[in-house]
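One structure is given here, and the rest of the page talks about it.
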Amino acid sequence: MPFKMDRRHTIFLVDDNNVDLAIGKSMLKDYYNVYPAQSAHKLFDLLYNVVPDLILLDIEMPEMNGYEAMRMLNDDPRFMDIPVIFLTAASDAEAELEGLSLGALDFITKPFTAPILTKRIENALAVVSQRNELNNFKCNIKDIERKNNKQVVDIQNSVLNVLAELAELRGGTADGHVNRTHKYLELLLNQLIADDIYSDEISTWNLDYIYSSAQLHDVGKLSISDKILNKPSKLSIDEFNEMKKHPFAGVDTLRKIELGLAHDTFMRHARAIAGTHHEKWDGTGYPVGLRGEDIPLEGRLMAIVDVYDALISPRPYRRPVSCAEAERIIAMGSGTHFDPVLVGVFQKVAVQFAQIAAGHR
């Protein structure tokens with residue numbers, strides 16, 4: 001009994017012998033849509049109009065033999081997945097091995113009988129069907145994994161957003177600081193990319209991770225007492241020393257969060273930003289006193305956007321400065337507080353920084 005199917009499969013029968021073509025078509029026509037072709041060239045003419053489920057391909061043909069035709073099928077992405085069974089009048093193990101090496105599913109020796117021919121075709125179509133089902137299953141699994149990963153990432157981002165907002169609220173900057181620094185950072189990175197600056201390092205980053213990471217730069221402030229965070233006057237030396245611990249606290253917090261997250265790359269960026277955005281180019285920053293390019297690029301970028309937004313925002317102990325004054329202060333810090341290369345890039349987009357800042361005033 002031929003292979004059961006919801007539709008009639010289409011088979012190309014390729015043979016330069018008209019008698020074999022007629023016999024083969026007669027054996028198969030009750031079960032399949034059969035397209036006879038008297039040469040490999042006619043096979044390819046048919047292929048441009050009809051895509052078969054299986055090709056029965058004679059090996060010994062003039063002009064282009066079966067092996068040559070098979071190689072052409074393999075080289076064309078449109079046809080390379082069409083299953084092929086070779087037909088041959090010779091019983092030659094070496095020839096059979098060559099055909100199988102080219103990807104043929106089977107060999108049928110001529111002259112063939114109807115039961116043998118239909119059974120071989122049935123088996124071949126069953127193999128192809130199972131292979132397709134397996135491929136579909138793999139695709140479905142990957143699709144489910146992608147959806148699940150997206151759900152996990154969405155949940156993670158929601159939790160981290162809440163954490164960032166909590167840190168902003170406790171730090172006395174619940175006025176859009178996190179959102180603005182995200183926008184500033186995006187401006188700086190876009191300009192760096194446009195100018196091909198630090199491109200070797202930036203090309204290895206997932207920018208979405210960088211932007212999400214930036215919102216956690218002050219998460220360490222959750223460990224600082226409200227008395228210090230909300231003090232309406234300048235901090236004492238002891239209080240400032242306590243405040244200087246928040247980058248370490250942020251890194252420690254993020255390490256704990258990282259244990260339960262799917263994307264450790266994201267958290268590596270977050271730790272770099274949280275732990276180093278108060279370092280200074282000349283080595284006088286905190287918490288470690290890193291110098292120059294020993295400070296991760298993420299931290300050097302965050303240093304500029306964080307200081308800029310702090311300057312233009314009101315604090316309990318001082319009034320905000322203008323955007324022009326903030327730009328001047330950043331420029332004065334080139335080579336001491338800030339990476340001078342990044343200051344040059346900042347100055348190119350300072351007008352856009354001011355436009356973002358104007359939105360919260």
Side-chain angles (χ1 to χ4, degrees), residues 150 153-154 156-165 167-168 171 173-219 247 250 254 261 263 265-279 281 293 295-313 320 322-324 326-327 329-331 333-334 337-361:
K150 184 180 184 305
V153 171
D154 287 344
Q156 290 175 182
N157 285 340
S158 295
V159 172
L160 296 175
N161 286 341
V162 171
L163 188 63
E165 289 173 3
E168 183 179 36
T173 58
D175 59 352
H177 171 71
V178 167
N179 184 51
R180 288 192 302 280
T181 53
H182 177 134
K183 293 178 180 178
Y184 299 146
L185 185 61
E186 189 171 3
L187 275 175
L188 271 181
L189 275 169
N190 286 341
Q191 191 62 48
L192 281 172
I193 293 168
D195 292 346
D196 197 25
I197 295 172
Y198 294 132
S199 55
D200 288 345
E201 184 168 358
I202 293 173
S203 66
T204 67
W205 293 354
N206 180 317
L207 295 184
D208 288 336
Y209 288 173
I210 292 290
Y211 302 141
S212 297
S213 298
Q215 67 183 332
L216 297 171
H217 66 280
D218 273 339
V219 69
L254 293 170
L261 294 185
H263 297 283
T265 303
F266 167 82
M267 296 310 296
R268 285 200 299 272
H269 289 309
R271 283 190 278 107
I273 291 173
T276 66
H277 68 286
H278 285 294
E279 298 288 357
W281 185 256
E293 292 192 4
I295 305 168
L297 179 55
E298 299 101 317
R300 284 151 35 214
L301 285 162
M302 195 68 208
I304 290 177
V305 303
D306 191 44
V307 168
Y308 180 90
D309 198 68
L311 289 169
I312 59 96
S313 301
S322 68
C323 292
E327 180 183 351
I329 292 171
I330 297 290
S334 177
H337 192 151
F338 308 110
D339 178 344
V341 173
L342 294 184
V343 171
V345 175
F346 159 75
Q347 289 176 311
K348 289 185 177 182
V349 293
V351 172
Q352 292 98 307
F353 267 57
Q355 289 170 347
I356 293 169
H360 90 289
R361 291 183 164 178

Just by distance, do the side chain of Thr204 and the backbone of Glu201 share a donor-acceptor pair under 3.5 Å?
yes
Quick check: do Trp281 and Pro340 have side-chain heavy atoms less than 4.5 Å from each other?
yes
Could you state the interatomic distance from CH2 (Trp205) to CD1 (Ile193), rounded to the nearest 0.5 Å?
9.0 Å
Just how far is it from atom CD1 of Ile356 to atom CZ of Arg180, taken to the nearest 0.5 Å?
10.0 Å
Apply side-chain contact (heavy atoms from CB on, under 4.5 Å) to residues Ile202 and Ile197 and explain how you reach the verdict.
CA-CA 9 Å; Ile202 293 173; Ile197 295 172; over 6 Å; no
Could you tell me which residues satisfy side chain to side chain contact (heavy atoms under 4.5 Å, CB included) with Glu186, sequence neighbours excluded, listed by chain and number?
His182, Asn190, Tyr211
Please determine which of Leu297, Val345, Leu301 meets the side chain to side chain contact (heavy atoms under 4.5 Å, CB included) test together with Leu189.
Leu301
For Asp196, which residues count as a side-chain hydrogen bond (donor to acceptor under 3.5 Å, both in side chains) partner, sequence neighbours excluded?
Ser199
Considering only heavy atoms from C-beta outward, does the side chain of Asp309 approach that of Phe353 to under 4.5 Å?
no
Hits for side chain to side chain contact (heavy atoms under 4.5 Å, CB included) against His278, two or more places apart or cross-chain, chain-then-number order -> Asp218, His246, Pro247, Tyr286, Asp306
Show the nearest heavy-atom pair for residues Ile330 and Ile304, with the distance to one decimal.
CD1-O, 4.0 Å
Enumerate the residue pairs fulfilling salt bridge (Lys or Arg N to Asp or Glu O under 4.0 Å) with a member in residues 349-358, sequence neighbours excluded, ordered by first and then second residue.
none
Would you name the heavy atoms of Thr276 and Pro296 that are closest together and state the gap between them?
CG2-CD, 3.7 Å
Who passes side chain to side chain contact (heavy atoms under 4.5 Å, CB included) against Ala326, sequence neighbours left out?
Tyr308, Leu311, Ile312, Val321
Who are the side chain to side chain contact (heavy atoms under 4.5 Å, CB included) partners of Ala214, not counting sequence neighbours?
Leu185, Ile273, Met302
Side-chain donor or acceptor of Thr181 paired with backbone N/O of Val178 under 3.5 Å
yes
Considering only residues two or more places apart or on different chains, which pairs with a residue in residues 339-354 satisfy salt bridge (Lys or Arg N to Asp or Glu O under 4.0 Å)?
Asp195-Lys348, Arg300-Asp339
If the condition is side-chain hydrogen bond (donor to acceptor under 3.5 Å, both in side chains), which residues does Glu298 pass it with, not counting sequence neighbours?
His269
Determine whether Gln191 and Gln347 make a side-chain contact, defined as any pair of heavy atoms from C-beta on separated by less than 4.5 Å.
no
Side-chain touch Phe338/Phe346, heavy atoms, less than 4.5 angstrom
no
Looking at Ala274 and Leu254, what are the two nearest heavy atoms and their distance?
CB-CD1, 3.7 Å
Any heavy-atom pair between the side chains of Leu342 and Leu188 that's under 4.5 Å?
no
